[in-house]
Each structure stands twice: as structure tokens, then as C-alpha cells.
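On a predicted model such as this, the values are computed, not experimentally measured, just so you know. In what follows, every chain begins at residue 1, and chains take the letters A, B, ... in the order their sequences are listed.
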2 protein chains.
Amino acid sequence: MLPIGKLSAATGVKVPTIRYYEQIGLLPEPGRSAGNQRLYGKSEQERLAFIRHARELGFPLEAIRELLSLSDDPSQPCAAADGIAKRQLQAVNARISRLTALRAELQRMVAQGAHGAISDCRVIETLGNHALCSHDHPADAG
Amino acid sequence: MLPIGKLSAATGVKVPTIRYYEQIGLLPEPGRSAGNQRLYGKSEQERLAFIRHARELGFPLEAIRELLSLSDDPSQPCAAADGIAKRQLQAVNARISRLTALRAELQRMVAQGAHGAISDCRVIETLGNHALCSHDHPADAG
DNA sequence: TCTTGCAGCTCTAGTTGCTAGAGCAATTAG
DNA sequence: CTAATTGCTCTAGCAACTAGAGCTGCAAGA
């Protein structure tokens, strides 16, 4: 049985984050020591490792909650979990293409270089004049 | 002189967002009509367009605040603005490479397909077992 | 003129995924 | 036995908005 600090070290999830996950119901309330300190077993550690890995892959906590509830019921079909992963893949792809377009524009801005005073600064001018920018931007900057 | 709704339509920034920008000091307090409604002129509209464009490029509001204060003083050298843009470009590059790595792992997960029940679901298994994943993940999922 | 209905106002609270701090109790190392 | 570390609860804060309540302003049609 590990106290929270050891669990944190073992999984790489910070202590307040573990307590936060418990608070929002991603982790079950663990047993306590005589002195009221949380004690975790193997299954909680695995569950937390699962959460951590999914977070690293960019899954939002709500998706992780759904994946956990699926895996809590092993008779469920796999398709739901697969769908969640596919949505996440699509989201990542969308963010990559957004960012690639942004990079192109930033590179154009920076390539002009820093010459004189602000009054003829390409960076400021480019940002101020949307017409100088060839493409149109979607709503979210990713 | 435009009321806030027209300014919103003209710039593509939502009405509550405009008020929020005023509240945090990115936009000056505009003049008001006899009935206490905000009225905006050309310069505020340009300033807001600048903010919007920079937000679309992913600049955080603090960087935008700095760019605005630079452009408010046209005798400042351009290098500072250039540095901000370069930092932003680096941040975007970092996020792209993070996301590209994540995409590879998600693609591997999804490529296994949805076969039977959760009990032999590749997605769940991959997330649960970090050892199955060849690379190590940095802290932030981007 | 009246009235209807949209637009605007202020204020508070919620979102996501944590992080930081206060002020205390428990445990552990020396 | 004491000091350092770890743990506890609780509240508040971060970015960058978004949503809602409950009110007022204003323009246009009947």
C-alpha cells in the first residue's frame, strides 16, 4: 500500500493532481491509514497510469472518464473505445494542420527581420493588417 | 461610431469577448452614448482587429499586450516585437512536433481496429500498459 | 403613441485541468 | 525525542473566455 507521495513518484502524476482526480471522480476514494492518509493499491496505480497515458495523448478528461467506464465493464464492445480514439486522432490531425498554417505565416513575419523602429516593423504591420495575410484564419488558434 | 454589436460583426470578435478585453485593459474604455452604450471609432476597431489576428496566430494575451504597448510607442526599436514573434514561432514548432509524435501513437492504436469486446481491446490495452508504447511522453499534451 | 423585440448593460459564476498557498496533523529519519 | 518531511483540508488562482440572470435602451411597425 503506497501513500500518495509514492504513488505520485511511481506514476509521474503530481500529488495535488491525484487528489484532484479523486475529487472529480476519476479515481475512487482510496482507503486511509489510521492517521487519515490515503493508501493506494495496485489497481489504483494501474488506473492512474492509464489516466496519465491517455492525458499525455491529449485525451480530455471526459473522454478518459468514458474509456474508464468502458474498461470497467469488459463485456462492452470495443467499438466505443475505438471511436473515442478515432475522434482524438482527428482532433490531433486538425490541430496539426492549423498549426502548420500558422507556422507558415509566422515564418513569413519573422523572415522580414528586425530593421528599424516600430514604425516600419513588419511584425506589427502584418498583425495590424489582416489583408496582408493571404489565408483566412479559423476561429480557434489551437 | 459603432455600437458593440456592429464592432463585433465588423471584426469577428464576440460581444462578451470585446467587453472582456476592455475589462483586462487590452482595449481602452470607449465613449458612451447618452444611454450608456459603448461607441467605438476607427482606432478601436483597428486595435481590436490587431488583437484578433494575433490571437488567431496563437499569441497569448500577455504577448499581445506587449506588442500593443510597443506599437503605441513608434520610436521603440523593432527588435522586441520581432523577438515576441520568434518566441511564438518556436512555441508553434514545439507543439507541432509534440502533436506529430502523438498522432503516430494514436494511429498505431486505431490501426488495430475494433474487434471483439473490451476485454481484448487494443485501445484500452495500449493506454493501460505504458510499456507497449515505445517512446516516452513529455509532460504536456499540447 | 404604443409596443414589441432585439440590442445593450452589469454582475456573477462556470468552463478545463490543474497549481499554489495557508494552516494544520501525521509520519519518519537521525 | 526532535526536526524534517509528508500528508491533510480548504480556498483561490491561472488562461481566455462563455453563459446566464435580470435589467434598460432604442428603433421600427401598427
| request: Could you walk me through whether E22(B) and R38(B) pass salt bridge (Lys or Arg N to Asp or Glu O under 4.0 Å), step by step? | output: CA-CA 11 Å; E22(B) 179 185 328; R38(B) 289 169 179 84; 2.7 Å; yes
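Between dC8(D), dC18(C), dA16(D), one nucleotide has an atom nearer to the side chain of L61(B) than all others, and that is dA16(D). Residue R19(A) has its side chain nearest to dT9(D) when only dT9(D), dC17(D), dG17(C) are considered. Here dT18(D) is the nucleotide among dC18(C), dT18(D), dC17(D) with the atom lying nearest to any side-chain atom of K14(B). Nearest nucleotide to the side chain of Y21(B), out of dC17(D), dC8(D), dG8(C): dC17(D). For Y20(B), the listed nucleotide lying nearest its side chain is dA16(D); candidates were dG8(C), dC18(C), dA16(D).
The side chain of T17(B) contributes an N or O atom lying less than 4.0 Å from OP1 or OP2 of dT18(D).
Residues of residues 29-42 of chain A that place a heavy atom closer than 4.0 Å to DNA chain D, in numerical order, are R32(A), N36(A), Q37(A), R38(A).
Heavy-atom minimum distance, E44(A) versus P28(A): CG-CG, 4.3 Å.
Comparing Q23(B) and K6(B) by the nucleotide of DNA chain C whose heavy atom lies nearest to each, the residue mapping closer to the 5' end is K6(B).
Salt-bridge check for D72(A) with R47(A): passed, with a basic side-chain N closer than 4.0 Å to an acidic carboxylate O. Using a cut-off of 4.0 Å between Lys/Arg side-chain N and Asp/Glu carboxylate O, E56(A) and R52(A) are scored as salt-bridged.
Here the P atom of nucleotide dC17(D) and the CZ atom of R52(B) are 11 Å apart, to the nearest Å.
L57(A) has its side chain within reach of L127(B): a pair of non-hydrogen atoms, C-beta onward, lies under 4.5 Å apart.
Of the options L48(B), I18(B), L68(B), a side-chain contact (heavy atoms from CB on, under 4.5 Å) to L26(B) is made by L68(B) and by none of the others.
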